[in-house]
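Some notes on the structure that comes next.
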2 protein chains.
Amino acid sequence: MKTQYTRSQARIVRVLKSLNAAISAQDLYLELKNREQPLGLATVYRSLEALKLQGTVQARTLPTGESLYSLISQDQHHLTCVNCGQSIPIDECPVHNLEERLQQSHRFQVYYHTLEFFGRCYQCQLIDSANS
Amino acid sequence: MKTQYTRSQARIVRVLKSLNAAISAQDLYLELKNREQPLGLATVYRSLEALKLQGTVQARTLPTGESLYSLISQDQHHLTCVNCGQSIPIDECPVHNLEERLQQSHRFQVYYHTLEFFGRCYQCQLIDSANS
DNA sequence: ATGAATGCAAACAATTTGCAACGGC
DNA sequence: GCCGTTGCAAATTGTTTGCATTCAT
């Protein structure tokens, strides 16, 4: 875990810290434009990529193909509806023991994990049954 | 869980069944071209989308932005290296209890879940330390 | 002064959409 | 004959890359 960031990387980390939530690269680009000085979109992507390799930032890719970035440890898991796309955060997480074991059995240095449930939310179930 | 498929959907399900592994839409398109008659790429996407809504197929989106599709229940979880992209399948999965509970507490009809660990594989760790 | 970091615009790749043709009921 | 399904090509979107410029040391 490196702690030597470029100027851009440092700014991005600062923004992510203050947001305390996952954000897309595009929105991060806009956020930076609002805050202080703009940062080129390409630089945003390059910085996020670097931060990811350093184990500072994690990405979760949405079904739409766009990725949401956040500081590792700020992430939550989600319950996502395949129909309307609504995403409900959940708190529990039963995988930490497994993570420990994997680190050892595969000599893999785990930075973070993602856990996501997909299905139909209550509203969409109601709509479905109404339509049939 | 509908069981009435269009011709294309049925063919796709058949191929996924025989593959018994996750595959990208593009590769599925090629696979169909080889097997019997080709199927338009757009149709492949449209069918996969429909199958996803029906709860027959699940998708896991790679960090590269492309999605891998598989029949629900055929999926495995993975340990993925953020550096080289190598993906190691793992067998254990400690989330089924949680899944049960979520179904009830959120009235959410869960079709499937994804669980993925990200970090550095052993080889990449070695290369890193060699270069420093 | 030199190599890394940045911005801009062009390039890419996966996916989606519009629309005309087709096929089953 | 009608409506949903399909194929093709064009459009869209998120992301990446090439290259000339700027910055930090």
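In the text below, chain A, chain B and the rest are named by the order of the sequence lines, each starting its count at 1. Nothing here was measured: the structure is a model prediction, and the numbers come from that model.
Near DNA chain C, meaning a heavy atom under 4.0 Å from it, residues 60-68 of chain A has no residue at all.
Between the OH atom of Y29(A) and the C1' atom of dA9(C) there is a distance of 12 Å, given to the nearest Å. For the pair K33(A) NZ and dG7(C) C1', the computed distance is 13 Å after rounding to whole Å.
Within a 6.0 Å radius of CZ in R35(A), more than 12 heavy atoms belonging to other residues, nucleotides or ligands are found.
Here T6(A) does not reach the OP1 or OP2 of dA5(C): none of its side-chain N or O atoms lies under 4.0 Å away. In this structure, Y45(B) reaches the dT15(C) phosphate: one of its side-chain N or O atoms is under 4.0 Å from OP1 or OP2.
Counting non-hydrogen atoms under 4.0 angstrom, S8(B) reaches the backbone sugars and phosphates but no base. As judged by a 4.0 angstrom heavy-atom cut-off over every strand, R7(A) is placed among residues touching the sugar-phosphate backbone only.
Side-chain atoms of T43(A) do not come within 3.5 Å of backbone N or O of L39(A) as any donor-acceptor pair. Looking at Q125(B), its side chain does come within 3.5 Å of a backbone N or O of R120(B) through a donor-acceptor pair. Remark: the backbone N or O of V110(A) is paired with a side-chain donor or acceptor of Q103(A) at under 3.5 angstrom.
Ring geometry, F118(A) versus Y112(B): the interplanar angle falls under 30°, so the pair is classed parallel (tilted spans 30 to 60°).
Two residues, S47(B) and R46(A), neighbour DNA chain D, and the one matched to the more 5' nucleotide by heavy-atom proximity is S47(B). With DNA chain C read from its 5' end, the first of the two nearest nucleotides for P38(A) and L41(B) is the one closest to P38(A).
Using a 4.5 Å cut-off between side-chain heavy atoms of Ile, Leu, Val, Met, Phe, Trp and Tyr, with links allowed through other members, F117(A) and F117(B) fall into the same hydrophobic cluster. Hydrophobic clustering of Ile, Leu, Val, Met, Phe, Trp and Tyr side chains at less than 4.5 Å, counting indirect connections, keeps L48(B) apart from L62(B). Hydrophobic clustering (ILVMFWY, side-chain heavy atoms < 4.5 Å, transitive): I88(A) and Y122(A) are in distinct clusters.
Side-chain contact check for N20(A) versus L71(A): every heavy-atom pair is 4.5 Å or farther apart.
Across all their heavy atoms, S87(B) and T80(B) have their closest contact at OG-OG1, 3.1 Å.
Comparing the local axis fitted to the first five base pairs of the helix from dA1(C)-dT25(D) to dC25(C)-dG1(D) with the one fitted to its last five gives a bend of 30°, rounded to 10°.
Between R46(B) and E49(B) there is no salt bridge, since none of the side-chain N atoms of the basic residue sits less than 4.0 Å from a carboxylate O of the acidic one.
Read 5' to 3', the first and last nucleotides of DNA chain D with an atom closer than 4.0 Å to a heavy atom of chain A are dG14(D) to dA24(D).
Proximity note for Q26(B) (side chain, C-beta onward) versus dG7(C), dA14(C), dT17(C): the nearest is dA14(C).
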